[in-house]
Visitor: 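Structure below; questions to follow.
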Amino acid sequence: MTPPAFVHLPELQGRLIPAHACGLRLTDEVLAEWDAQARSQGLPIDWRLPDGDVERSRRQVLAGVSERRDDLWVFAYGSLMWNPGLEFAEVRRAHLPGFARRFALSTTIGRGTPDCPGLVLTLQRDAAQSCDGLVFRIPACAVEEESRLLWRREMITGAYSPALLPLQTPQGAVNQALVLTANTAHPHYRGDLSMQATAATIASACGRIGSNREYLDQLVAQFGVLGIEDPYVHALAEMVQTAC
């Protein structure tokens with residue numbers, strides 16, 4: 001029997017890492033481990049945003065959701081597509097117009113190191129492009145806790161600009177979903193990289209939670225399950241394969 005959360009996408013059963021096994025639900029204990037690793041790698045004490053700044057951002061963006069006690073929809077276009085780290089009630093395919101998925105965010109601790117930074121995905125505004133992914137529904141009763149952990153994971157250095165944007169799904173429109181778009185003013189933003197430089201970085205970088213190539217491979221595998229075509233990602237995967 002298909003669990004209710006997967007009624008629209010039964011093919012995803014067994015292909016999402018459960019929240020309890022995520023490794024990226026940054027509880028106080030896990031965050032302390034990340035801080036210890038950052039110190040061992042020589043990162044500055046302010047390598048991440050203060051907890052108060054992260055929480056302030058969350059409350060500002062989700063003020064209306066909290067006041068209305070709404071469910072929260074979360075758009076997934078990168079690692080959230082196979083490792084959401086969320087307790088959710090529903091998952092759907094989703095289509096976001098006006099943005100392009102790009103490996104344009106440098107990381108020195110998750111999929112890279114200070115000596116060999118990796119690259120993870122972000123969303124660049126582009127009126128001519130669109131991005132297909134997933135959208136998860138967090139029930140209202142769980143929004144406070146789940147969004148707090150999600151903000152710690154994704155906004156740890158402030159490298160995204162969170163926004164509530166409309167999405168299309170096969171089951172109907174979602175009027176507001178949390179979408180993590182590129183913070184182009186952030187020092188880790190690397191929107192100037194060529195495809196060749198991007199592929200070379202992904203082929204060589206590795207960090208605390210795995211290699212950069214593994215990140216790309218998991219993304220491509222999930223695309224295959226869902227039937228998502230992304231020419232940029234598939235071209236990049238071919239280049240990384242050649243580089244290796």
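We use all heavy atoms of the structure for the numbers below, so side chains are in, but hydrogens, waters and symmetry mates are not.
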Visitor: How long is the gap from CG on L31 to CZ on R153, to the nearest 0.5 Å?
Guide: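 Interatomic distance, L31 CG to R153 CZ, rounded to 0.5 Å: 14.0 Å.
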Visitor: Quick one: do E146 and R148 make a salt bridge, cutoff under 4.0 Å?
Guide: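 Not counted as a salt bridge, because no side-chain N and carboxylate O are separated by less than 4.0 Å.
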Visitor: Can you measure from CD1 (I209) to CD (E214) and round to the nearest 0.5 angstrom?
Guide: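 The CD atom of E214 is 8.5 Å from CD1 of I209, to the nearest 0.5 Å.
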Visitor: What distance separates L26 CG from L149 CG, expressed to the nearest 0.5 Å?
Guide: 7.5 Å
Visitor: For the ring pair Y77 and F99, is the centre-to-centre distance below 6.0 Å?
Guide: no
Visitor: Cluster question for you: counting only ILVMFWY and a side-chain heavy-atom cut-off of under 4.5 Å, with indirect links fine, are V225 and I228 together?
Guide: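 V225 clusters together with I228.
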Visitor: Minimum heavy-atom separation for F223 to D230, with atom names?
Guide: CE1-CB, 3.6 Å
Visitor: If Ile, Leu, Val, Met, Phe, Trp and Tyr residues are connected whenever their side-chain heavy atoms lie under 4.5 Å apart, and connections chain through other members, are L121 and F136 in the same group?
Guide: yes
Visitor: Which one of R93, H95, R101 satisfies the side chain to side chain donor-acceptor pair (under 3.5 Å) criterion with D132?
Guide: H95
Visitor: Would you mind checking if E87 and R25 are paired as a salt bridge, meaning a charged N to carboxylate O distance below 4.0 Å?
Guide: no
Visitor: How far apart are the closest heavy atoms of P162 and S57, and which atoms are they?
Guide: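 That closest heavy-atom pairing would be CG-OG, 4.3 Å.
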Visitor: Is it true that the side chains of R111 and S106 contain a donor and an acceptor less than 3.5 Å apart?
Guide: no
Visitor: Kindly give the heavy-atom pair with the smallest separation between T169 and G172, and that separation in Å.
Guide: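 Heavy atoms only, the tightest pair is OG1-O, 2.6 Å.
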Visitor: Hey, mind stepping through F6 and E90 against side chain to side chain contact (heavy atoms under 4.5 Å, CB included) and telling me if it holds?
Guide: CA-CA 6 Å; F6 293 95; E90 182 182 355; over 6 Å; no
Visitor: Please say whether more than 12 non-hydrogen atoms of neighbouring residues, nucleotides or ligands are located less than 6.0 Å from CZ in R190.
Guide: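 Check fails, neighbour count at 12 or below.
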Visitor: For residues I156 and L49, determine if any side-chain heavy atom of one lies less than 4.5 Å from a side-chain heavy atom of the other.
Guide: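 Result no, sub-4.5 Å side-chain heavy-atom pair not found.
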Visitor: For the atom pair CD1 (I138) and OG (S147), what is the distance rounded to the nearest 0.5 Å?
Guide: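 Reported to 0.5 Å precision, the distance equals 7.0 Å.
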Visitor: So does E154 pair up with R58, basic N to acidic O under 4.0 Å?
Guide: no
Visitor: Would you say the side-chain atoms of Q222 and W82 include a donor-acceptor pair closer than 3.5 Å?
Guide: no
Visitor: Going by the side-chain contact (heavy atoms from CB on, under 4.5 Å) test, name the single residue among L62, L86, L150 that passes it with L72.
Guide: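 Looking at L62, L86, L150, the match for L72 under the side-chain contact (heavy atoms from CB on, under 4.5 Å) is L62.
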Visitor: Just wondering, do T113 and T108 contact through their side chains at under 4.5 Å, heavy atoms?
Guide: no
Visitor: Minimum heavy-atom separation for L134 and A94, please, with both atom names.
Guide: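 Result for this residue pair: C-CB, 4.0 Å.
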Visitor: Could you tell me whether the side chains of D35 and W47 share a donor-acceptor contact shorter than 3.5 Å?
Guide: yes
Visitor: Answer yes or no: is there an ion pair linking R208 with E33, defined by an N-O contact shorter than 4.0 Å?
Guide: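 Salt bridge flag = yes for E33 with R208.
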Visitor: Measure the CG-CD distance between D70 and Q176 for me, rounded to the nearest 0.5 Å.
Guide: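 Rounded to the nearest 0.5 Å, the CG-CD separation comes out at 8.0 Å.
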Visitor: Are any of the side-chain nitrogens in R15 or E11 under 4.0 Å away from the carboxylate oxygens of its partner?
Guide: no
Visitor: If we ignore hydrogens and angles and just use 3.5 Å, is the side chain of N212 paired with the main-chain N or O of L119 as donor and acceptor?
Guide: yes
Visitor: Mind running salt bridge (charged side-chain N to carboxylate O under 4.0 Å, His left out) on E67 and R69 for me, showing each step along the way?
Guide: CA-CA 5 Å; E67 289 170 6; R69 298 183 180 178; over 6 Å; no
Visitor: Start with the C-alpha distance between Q241 and R213, add both sets of side-chain angles, then the distance that settles side chain to side chain donor-acceptor pair (under 3.5 Å), and finish with yes or no.
Guide: CA-CA 9 Å; Q241 182 68 33; R213 183 180 179 183; 2.6 Å; yes
Visitor: Between T198 and V240, is there a side-chain heavy-atom distance shorter than 4.5 Å?
Guide: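 A side-chain contact is absent here, since even the closest heavy-atom pair is not under 4.5 Å.
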Visitor: To the nearest 0.5 Å, what is the distance between OH (Y215) and OG (S79)?
Guide: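 It is 5.0 Å, given to the nearest 0.5 Å.
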